[in-house]
Amino acid sequence: MTDWPVDLAGVTETVVATLGPNDRWNHAALGLHAPEEPGEPATATTWGNTRTRRNFRRQGGGYVQFVDDPVAFADAALSIRETDDPVLDGAVTAWARVDAEQTGSGDDEGTRVEHWALSPVETAVVREAPFRANRGFYAVVEATVAVSRLDVDAYDTAALRERLRYFESVVETAGGPRERAAIERVREYADDDW
């Protein structure tokens, strides 16, 4: 097994590209759970009948991308984004072509979940840049999670809207221009007045 191009810890938020039946690459957000032991695959869960789940089943893998552009992340997380190439131009710092093996499935409060083991078979570092912690970027990531749960019965919509207002305020005080553009995209995709 090839090593990941970045150190994984906890849950690393990524954008995964999977090849659809239309021969276009679908980009979606995917949380990668770091392996418990060195040499083991990372794991991920797909929720519902998503393109990612269907494409993993059909193709057996895809491209995991480590992005540093909050707009690219928000677009992948909350819209249908398809491209001719698997790697997003200009938004990716590293990528890994992975094999995806289903390791289990089940039901979580009425939503079908499938668990996957992801093993890198080819990797690349596109650009090396010093790490910068920007609270606005992380607030955008959390806002995409909250928006994805707005219409799920298991979650309290009022509490999610309160979270969204908080994340928006974090972006306004701690984010830069790309984070502000991303939170506007999140608001548009939500089609919801929080």
So do L8 and F66 actually touch side chain to side chain, heavy atoms under 4.5 Å? yes
What one should report as the nearest heavy-atom pair of L30 and T45 is CD1-O, 4.0 Å
Does the side chain of T43 come under 3.5 Å of the side chain of H115 through a donor N or O and an acceptor N or O? no
Is there a side chain to side chain contact (heavy atoms under 4.5 Å, CB included) between V87 and D89 once you walk through the steps? CA-CA 6 Å; V87 178; D89 189 36; over 6 Å; no
Taking only residues two or more places apart in sequence or in another chain, which ones pass side chain to side chain donor-acceptor pair (under 3.5 Å) with R163? none
Does any N or O in the side chain of E184 come within less than 3.5 Å of the main-chain N or O of A181, such that one atom is a donor and the other an acceptor? no
So if you build clusters from Ile, Leu, Val, Met, Phe, Trp, Tyr with side-chain heavy-atom gaps below 4.5 Å, do V152 and L160 land together? yes
Tightest non-hydrogen contact, residues L32 and A44, listed as CD2-CB, 4.5 Å
Please name all residues satisfying salt bridge (charged side-chain N to carboxylate O under 4.0 Å, His left out) with R54, sequence neighbours left out, ordered by chain then number. none
Quick check: do F167 and V186 have side-chain heavy atoms less than 4.5 Å from each other? no
Restricting to non-hydrogen atoms, name the atom on T46 and the atom on W116 that form the minimum distance, rounded to 0.1 Å. OG1-NE1, 3.0 Å
Which pair of non-hydrogen atoms, one from T157 and one from L150, has the smallest distance, and what is that distance? OG1-O, 3.3 Å
Counting heavy atoms not belonging to Y189, are there more than 12 under 6.0 Å from its OH? yes
Quick one: do Y138 and V170 satisfy side chain to side chain contact (heavy atoms under 4.5 Å, CB included)? Show the steps, please. CA-CA 9 Å; Y138 302 114; V170 170; over 6 Å; no
What closest approach, in Å, do A42 and W4 show between heavy atoms, and which atom pair accounts for it? CB-CZ2, 3.7 Å
Atom CD of E101 with >12 non-hydrogen neighbours under 6.0 angstrom: no
Using side chain to side chain donor-acceptor pair (under 3.5 Å) as the criterion, list what pairs up with E162, not counting sequence neighbours. R165
Indicate yes or no: does R24 engage D84 in a salt bridge with an N to O separation below 4.0 Å. yes
Step-by-step side chain to side chain contact (heavy atoms under 4.5 Å, CB included) determination, F137 to D68: CA-CA 8 Å; F137 183 91; D68 63 358; 5.5 Å; no
Please determine whether residues V141 and V11 belong to a single hydrophobic cluster, defined as Ile, Leu, Val, Met, Phe, Trp and Tyr linked transitively by side-chain heavy-atom distances below 4.5 Å. no
R58 side chain vs G20 backbone, donor-acceptor pair below 3.5 Å: no
Expected output: side-chain E122 to main-chain T2 donor-acceptor under 3.5 Å: no
Between V92 and V67, is there a side-chain heavy-atom distance shorter than 4.5 Å? yes
Heavy atoms of L88 and A72 approach each other most closely as CD1-CB, 4.4 Å
Given side chains that start at C-beta, do those of D153 and E109 come closer than 4.5 Å, heavy atoms only? no
Check against side chain to side chain contact (heavy atoms under 4.5 Å, CB included), R185 and V71: CA-CA 7 Å; R185 285 265 177 67; V71 173; 2.5 Å; yes
